[in-house]
Amino acid sequence: MSKLLALEAIYNFYEQFVKGFSTVCEKGCHTCCTTNVTVTSLETNYLLQSGNMDKQLLAKLEEEQQKDHFVPSTTINTTAAMCLAQKAIPEETSPITFEPCPLLDEQGLCTVYEHRPFSCRAMSSQTLCPQGGQADMPPFLVTINLAIYQILEHIDSEGWYGNLLDMIPLGLAERGKVPDLVAAAGGRIKTNRQLPCFVVPPDDTIRFKSFMRRLAKEKWADHTLAELLPEKYSILS
Ligand code: SF4
């Protein structure tokens, strides 16, 4: 439960932070709501708190899960660790598809909006996105998004990461059955890992430190978010 509160604190902090960036995204716009969304297990558990996963949604989800869909080759923190070790990063080999996310309703609205994962919160654009095209995001926002992905994986480092389509069944399973489901997923689900380093372009360093200092002071339950990050990050001091 407590980590869900920390996750909520990060989501709330981020929501205030992105208000400082212009965006053309508005209610009903769902070009980025595809079956390419990736999540950690902690975020999946938070999404399931919405209580909206009824039989109809689960059937839609299962139908999409049976189709070819994007499977991340590795986690964000594993990629960061490879960069740090100057190792080659594995290329994404699975298909990027543009099927609509099964959690969209008939009006094009998200059925779990208040509980949506960070991948969805992080998506915004300064100009209208073409279908299948990329969002137009300020570079500093890309830097911050990457750092938040890394922090979310770190605080869920005993958990898992994968496509939302594969992660929801995991979140719905009894805890004791999760390792068997992960094994049965045949590599589609990855193991999270701790934060090895942040990946910050030199030009963003000062602004990034300022952002992190503010984030670190955010409260969840009787704690601050700084307590969840490795002490070695002098970036927080
Ligand atoms: S979870 Fe909601 S916001 Fe995210 S892609 Fe699906 S419909 Fe869109």
Side-chain angles (χ1 to χ4, degrees), residues 4 7-8 10-19 21 23-72 75-76 92 94-137 141-142 144-146 148-149 151-153 156 159-173 188-190:
L4 289 173
L7 175 66
E8 200 166 64
I10 293 171
Y11 282 166
N12 291 340
F13 181 84
Y14 182 83
E15 194 174 317
Q16 294 308 312
F17 169 74
V18 286
K19 285 184 179 163
F21 294 84
T23 174
V24 295
C25 305
E26 55 183 31
K27 194 171 179 179
C29 164
H30 53 81
T31 312
C32 59
C33 292
T34 67
T35 49
N36 299 316
V37 171
T38 53
V39 284
T40 58
S41 33
L42 183 63
E43 292 173 277
T44 308
N45 293 340
Y46 185 76
L47 184 150
L48 291 171
Q49 281 196 337
S50 71
N52 287 354
M53 294 301 297
D54 59 18
K55 278 189 183 161
Q56 205 184 349
L57 271 186
L58 285 171
K60 270 169 76 182
L61 188 96
E62 202 179 326
E63 191 184 320
E64 289 304 322
Q65 199 202 7
Q66 301 308 317
K67 298 179 187 169
D68 271 352
H69 56 268
F70 175 67
V71 173
T75 73
I76 314 272
E92 298 295 358
S94 73
I96 303 265
T97 52
F98 292 95
E99 295 291 326
C101 174
L103 303 188
L104 274 176
D105 70 13
E106 279 154 16
Q107 282 76 47
L109 301 176
C110 175
T111 48
V112 294
Y113 189 77
E114 295 299 327
H115 291 81
R116 69 199 186 286
F118 183 69
S119 289
C120 311
R121 294 167 195 263
M123 196 52 76
S124 67
S125 185
Q126 299 175 119
T127 52
L128 280 180
C129 305
Q131 196 70 33
Q134 290 198 329
D136 167 21
M137 238 179 258
L141 188 53
V142 176
I144 292 301
N145 287 347
L146 181 58
I148 301 281
Y149 280 120
I151 291 168
L152 296 182
E153 182 179 340
D156 189 28
W160 316 96
Y161 173 74
N163 188 307
L164 180 65
L165 299 176
D166 296 316
M167 293 295 287
I168 285 184
L170 212 67
L172 289 169
R188 289 200 311 276
I189 308 236
K190 313 294 186 224

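Order of appearance sets the numbers: ligands from 1, and atoms from 1 within every ligand.
Heavy-atom proximity to Leu104, at under 4.0 Å, picks out these atoms of ligand 1: 7 (S). Residue-ligand proximity, Val37 to ligand 1, at heavy-atom distances under 4.0 Å covers atoms 5 (S). With ligand atoms numbered from 1 in the order given, ligand 1 contributes 3 (S), 5 (S), 7 (S), 8 (Fe) to contacts under 4.0 Å with heavy atoms of Cys33.
In terms of modelled atom types and a separation under 3.5 Å, the side chain of Lys60 and the main chain of Lys55 share no donor-acceptor contact.
Geometrically, Arg121 does not engage Tyr14 in a cation-pi contact, judged by NZ or CZ lying under 6.0 Å from the ring centre and within 45° of the ring axis. Judged by the 6.0 Å distance and 45° axis criteria, Arg116 is positioned over the aromatic ring of Tyr113.
Of the N and O atoms on the side chains of Glu153 and Tyr161, not one donor lies less than 3.5 Å from an acceptor on the other residue.
Residue Leu165 forms a side-chain contact (heavy atoms from CB on, under 4.5 Å) with just one option from Arg188, Glu62, Gln66, Gln65, and that option is Gln65.
With a cut-off of 2.8 Å, atom 8 (Fe) of ligand 1 has no N, O or S atom of Cys120 in range. Atom 4 (Fe) of ligand 1 has no N, O or S atom of Cys110 closer than 2.8 Å.
For atom 6 (Fe) of ligand 1, the closest non-hydrogen atom on the protein side is Cys101 SG, 2.4 Å.
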